[in-house]
There are 2 protein chains.
Amino acid sequence: MSVTIREVASRAGVSIATVSRVFNNSDPVEEGTRARVKKAATELRYVPNVLGRSLSMRRTDSIGLLLPDLFGEFFSEVIRGCDQTAQQSNFHLLVSSSHNNRQEIEAALRMMRGRVDGLIIMSPHIDASTLNENLPRTLPVVLLNCHVDGNAFDSINIDNRGGVCQMVNHLLSHGHTRIGILKGTEHNIDAAERLRGYRDAIAEGSAVVSPDLEVPGEFSEASGYDAARTLLSRNPRPTAIVASNDSMAIGALSAIRESGLRVPEDIALVGFDDIPVAAYITPSLTTVNVDIDGLGVAAITQVIHAVKNRNGHAKQQSVLPTRLSLRHSCGCTN
Amino acid sequence: MSVTIREVASRAGVSIATVSRVFNNSDPVEEGTRARVKKAATELRYVPNVLGRSLSMRRTDSIGLLLPDLFGEFFSEVIRGCDQTAQQSNFHLLVSSSHNNRQEIEAALRMMRGRVDGLIIMSPHIDASTLNENLPRTLPVVLLNCHVDGNAFDSINIDNRGGVCQMVNHLLSHGHTRIGILKGTEHNIDAAERLRGYRDAIAEGSAVVSPDLEVPGEFSEASGYDAARTLLSRNPRPTAIVASNDSMAIGALSAIRESGLRVPEDIALVGFDDIPVAAYITPSLTTVNVDIDGLGVAAITQVIHAVKNRNGHAKQQSVLPTRLSLRHSCGCTN
DNA sequence: CAGCGTGATGTAAACGTTTACATGCAGAAC
DNA sequence: GTTCTGCATGTAAACGTTTACATCACGCTG
């Protein structure tokens with residue numbers, strides 16, 4: 001029942017083409033006519049219908065964002081980074097989350113189809129064939145922390161392995177040789193890469209290698225708490241613990257306290273992500289810093305670039321570096 | 001360049017109407033024709049264009065979600081609750097965030113127009129006239145934690161005032177009479193209501209009333225840290241601190257520790273929201289529990305109900321109750 | 001004065017669907 | 001053998017825009 005371009009045209013005594021021209025500044029329109037059209041439009045409270053516009057122009061000015069299950073501060077930051085950057089370029093964000101298996105992702109991909117000009121996908125469950133089968137080849141896609149082979153798609157990854165390597169080396173330099181890890185969610189690519197960094201650095205540093213030192217978890221505070229209790233019951237006990245993310249580290253800290261041990265005096269503890277709260281807990285958490293906000297910004301920038309080039313640009317795979325945020329929980333004293 | 005219903009029709013040797021009927025199960029189609037159409041569609045990898053569909057059907061199957069600046073775990077939870085519930089009803093979520101003044105909100109409202117069948121708005125900067133001027137009267141809207149007079153819109157609010165009242169009463173029952181508050185972001189309705197709860201309970205409980213005990217902040221860990229330092233420098237010092245949310249409480253905890261005081265022995269500390277991390281910090285944080293996820297679920301449920309009734313239903317204003325999560329930081333020992 | 005460019009506007013065909021209505025055809029009822 | 005009923009399908013008009021092309025008036029050039 002909303003007012004259309006036709007009603008504005010008839011009230012202003014012009015054709016619909018002229019109204020369109022006024023609203024898009026696409027062709028010169030005489031000053032008097034322009035004023036009449038504008039007047040008619042405001043009187044009728046006319047707002048152009050985006051659907052008709054999109055259908056005609058074959059673009060939607062929206063970017064889709066496919067996320068896994070949301071938790072913690074991490075995704076707030078990603079979404080914030082994406083949305084702000086998108087807005088600056090006059091794009092909108094279509095967010096869809098909680099896709100935890102291939103079927104759900106395929107459904108989500110099909111849903112997005114036609115609704116968006118480009119897509120950012122952050123999902124551990126995606127692979128190249130799923131993408132190729134469910135997406136038109138002309139749709140720009142940026143993969144965020146996905147594990148997809150080849151260079152057919154733009155991708156941005158965090159240097160998970162490198163970050164953990166650095167961190168383990170740091171612990172080694174503190175003199176630790178028996179270092180445990182609280183693993184992240186199974187089949188999650190971040191979790192797998194962080195574990196790989198741990199194993200590589202442990203092996204290279206000639207520290208103790210033992211399956212007993214690797215405990216499963218799933219990125220939440222609760223699972224960090226449980227996993228740490230398991231690790232603390234090992235004999236001999238590790239003298240340092242690497243948590244696969246900060247939330248798990250916070251859960252672990254609680255478990256360590258409960259068992260009567262002190263951090264970092266009796267046991268060192270480190271995390272990954274550097275979420276804001278990491279600096280404020282006691283002891284402050286040594287962790288691997290990731291520029292989360294920057295991740296979202298980079299992804300949007302890249303996908304918009306692709307949209308403007310009609311996906312004809314050279315695809316680019318990049319890895320975002322990480323750096324250590326050294327605080328107290330590892331035994332550093334600054 | 002994507003394949004349309006017309007190409008499927010011609011390949012299957014039928015009219016476009018029949019193809020549409022097959023895809024929508026809207027009218028009976030003979031088994032043989034149906035099979036031919038399906039075959040042609042899969043061969044061509046046909047996917048119906050949602051824009052054409054929406055234009056014709058006059059619905060988009062999307063719900064808009066307007067949020068203020070995102071921070072912390074809170075909004076992740078809200079978005080998660082909304083998205084999951086929306087998906088169950090085959091709706092999508094169009095998220096737009098970071099609207100911190102009236103102009104940005106109006107722009108966002110206009111952007112959403114035509115793109116969504118219903119709208120959830122969470123913004124401290126909204127008022128009834130802004131809504132009426134920028135939205136068609138037929139568009140279902142649910143206001144989340146907004147401060148809009150009258151009963152023209154559906155709304156869901158958290159019982160901010162009641163939650164803080166309960167909490168202050170609890171502190172009074174611990175024997176505290178000099179209780180400070182770290183205030184939330186200025187002009188934010190949640191912040192204002194929580195402050196009101198504090199003042200009312202303090203007055204009613206005959207505790208110390210003083211402007212010195214109210215310190216400004218803005219809902220982040222950093223501002224909680226700063227505000228707590230200010231409060232600790234008061235003479236006499238408060239024996240209990242109410243933070244306007246958990247993030248501020250965490251910042252405050254860090255400041256209190258630095259000053260050499262113990263929580264809860266020397267000073268009690270409480271928060272608001274009950275974000276997951278609250279249970280895992282040391283001492284565990286006594287806070288006002290809000291069913292964040294439930295907030296999103298309720299909002300989506302209500303807006304979808306409105307969409308299905310073409311916004312002709314009786315509007316409903318509801319207040320979500322809160323309850324205390326008693327842990328260690330207030331001096332409780334369980 | 002013929003011819004021509006130019007600026008302002010209108011006309012109508014896209015864009016990809018859904019759907020009311022029309023058509024055709026087979027079998028049943030009379 | 002009509003007429004009626006009902007099913008399967010086709011036709012064409014929406015839905016609300018943008019835009020290529022056509023039209024027309026006007027002033028300028030040669």
Side-chain angles (χ1 to χ4, degrees), chain A residues 1-38 40-41 44-62 110-117 136 138-139, chain B residues 1-38 40-41 44-62 110-117 136 138-139:
Chain A
M1 294 295 132
S2 71
V3 29
T4 77
I5 199 172
R6 245 168 281 272
E7 308 176 42
V8 178
S10 87
R11 173 180 267 250
V14 298
S15 75
I16 59 167
T18 302
V19 179
S20 174
R21 284 191 265 260
V22 168
F23 270 80
N24 299 312
N25 283 320
S26 49
D27 282 299
V29 173
E30 211 206 7
E31 216 31 70
T33 337
R34 156 168 274 120
R36 278 213 318 288
V37 170
K38 289 222 155 184
L44 293 172
R45 287 164 169 258
Y46 168 68
V47 177
N49 178 309
V50 276
L51 252 48
R53 184 167 221 273
S54 291
L55 189 58
S56 186
M57 310 247 287
R58 253 155 300 176
R59 42 173 254 242
T60 64
D61 295 330
S62 313
R110 282 193 301 268
M111 297 273 216
M112 287 287 181
R113 193 160 168 175
R115 272 180 231 271
V116 297
D117 297 339
T138 50
L139 188 74
Chain B
M1 296 296 132
S2 71
V3 30
T4 77
I5 198 172
R6 245 167 281 273
E7 308 176 40
V8 178
S10 86
R11 173 179 266 249
V14 299
S15 74
I16 59 166
T18 301
V19 178
S20 173
R21 282 191 267 258
V22 168
F23 270 81
N24 299 313
N25 283 321
S26 50
D27 281 298
V29 173
E30 212 205 7
E31 215 33 68
T33 352
R34 158 167 273 122
R36 278 212 318 288
V37 169
K38 289 222 156 182
L44 294 172
R45 287 164 171 257
Y46 169 67
V47 176
N49 178 308
V50 277
L51 252 48
R53 184 167 221 274
S54 291
L55 189 58
S56 187
M57 310 249 284
R58 252 156 300 177
R59 42 172 254 243
T60 64
D61 295 330
S62 312
R110 281 193 300 270
M111 297 273 219
M112 287 286 179
R113 193 159 167 174
R115 271 179 232 271
V116 298
D117 296 338
T138 49
L139 187 75

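Both backbone and side-chain heavy atoms feed into the values below; hydrogens, waters and symmetry mates do not. All of these numbers come straight from a predicted model, not from anything done at the bench. Throughout, a chain's letter reflects where its sequence line sits, starting with A, and its residues are numbered from 1.
Contact between the side-chain N/O atoms of Asn24(A) and the OP1/OP2 oxygens of dT18(D) is found at a separation under 4.0 Å. Regarding contacts with the backbone of dT19(C), every side-chain N or O of Ser56(B) stays at 4.0 angstrom or more from both OP1 and OP2. Checking the phosphate oxygens (OP1, OP2) of dC15(C), no side-chain nitrogen or oxygen of Arg58(A) falls inside 4.0 Å. Within the structure, a side-chain polar atom (N or O) of Thr18(A) is placed less than 4.0 Å from OP1 or OP2 of dG10(C). For the pair Thr33(B) and dT9(D), the criterion of a side-chain N or O lying under 4.0 Å from OP1 or OP2 is met. Proximity of Arg53(A) to the phosphate of dG16(D): no side-chain N or O atom is located under 4.0 Å from OP1 or OP2. Checking the phosphate oxygens (OP1, OP2) of dT18(D), a side-chain nitrogen or oxygen of Ser20(A) falls inside 4.0 Å.
When all heavy atoms are compared, the tightest approach of Ala40(B) to Val8(B) is CB-O, 4.0 Å. Of all heavy-atom pairs between Arg21(A) and Val29(A), the closest is CB-CG2, 3.8 Å. In this structure, Gly114(B) and Val50(A) approach most closely via the heavy-atom pair C-CG2, 3.8 Å.
Rounded to a whole Å, the CZ atom of Arg21(B) is 8 Å from the C1' atom of dG10(D).
For Pro28(B), counting side-chain heavy atoms from C-beta on, the closest listed nucleotide (dT17(C), dA8(D), dT9(D)) is dA8(D). When distances are taken from the side chain of Leu55(A) to each of dG16(C), dT17(C), dA12(C), the shortest belongs to dG16(C). Closest approach to the Met57(A) side chain among dT17(D), dT17(C), dT19(D) is made by dT19(D) (side chain taken as heavy atoms from C-beta onward). Nearest to the side chain of Pro48(B), among dT17(C), dT18(D), dG16(D), sits dT17(C).
In this structure, the side chain of Thr60(B) engages the main chain of Arg115(B) through a donor-acceptor pair within 3.5 Å.
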